[in-house]
Amino acid sequence: MNDNHAAYADALSERVAEVQAQRAALVAAIEETRVARSLTFADDEHDPDGSTASLDQVRDTALLQRTEQTLTELTEAQVRLASGGYGVCEVCGREISAERLLARPETRFCVPCLGRMGARHRGRSG
Ligand SMILES: [Zn+2]
C-alpha cells in the first residue's frame, strides 16, 4: 500500500485545497446574505426572521458545517497517512481500494461497509 503513498498525499492536499475554497465561498455567501438581510429589513425591525434570506442562511450554515467536518476528516486522514493505518476500513479492517481512496481520500470505510451503513440508514423496516 506504500506504493501509492505519494498519490494519496497529493489527493489529500488537493482535496484540502478544494474544501478550503468551498468553505471560503460559503463564509462569503453567509456574510453576503447577512448584509443583504440587514439592508432589506433595515426599516422593518419588528420582523427580523420572516424572510427567504434566512432559509439560504440555514442551508449555507449546514453546508459550512459539513465542509468543516470534511476538513477535519482530511486532517485526520493526513495524520493516518503519516503515522500508518491509512486506507484501512474502520469497520472490517480490510484495505480500501486505491481507486476509492484517490476519489475520496478522507474516507474511513470501504465500499461494501459504506453500502451496508447506507442500507441501514435508508430502510429500517420492522
Ligand atoms: Zn469495510
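Residue numbers count from 1 along this sequence. What you are looking at is a predicted structure, and each value in this text was computed from that prediction instead of being measured. Just so you know, ligand 1 is whichever comes first in the structure, and atom 1 is the first atom listed for that ligand.
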Pairs of donor and acceptor atoms involving the side chains of residues 16-26, under 3.5 Å and at least two apart or interchain, shall be tabulated with distances.
{"unit_1": "Glu18", "atom_1": "OE2", "unit_2": "Arg15", "atom_2": "NH1", "d": "3.1"}
{"unit_1": "Arg23", "atom_1": "NH1", "unit_2": "Glu68", "atom_2": "OE1", "d": "3.3"}

Practice task
Can you sort out the partners of Ser97 under side-chain contact (heavy atoms from CB on, under 4.5 Å), two or more places apart, ordered by chain and number?
Solution key: Glu99, Arg100

Problem - Asn4 and Leu101, any side-chain heavy atoms less than 4.5 Å apart - result: no

Problem - Presence of salt bridge, Glu32 and Arg34, under 4.0 angstrom - result: no

Handout entry: In the protein, N/O/S atoms that are found under 2.8 Å from the Zn ion (ligand 1), waters not counted
Key = Cys89 SG, Cys92 SG, Cys110 SG, Cys113 SG

Practice task
List for me each residue that meets side-chain contact (heavy atoms from CB on, under 4.5 Å) alongside Val35, sequence neighbours excluded, and say none if there are none.
Solution key: Glu31, Leu39

Handout entry: Donor-acceptor contact below 3.5 Å, side chain Tyr86 vs main chain Pro105
Key = yes

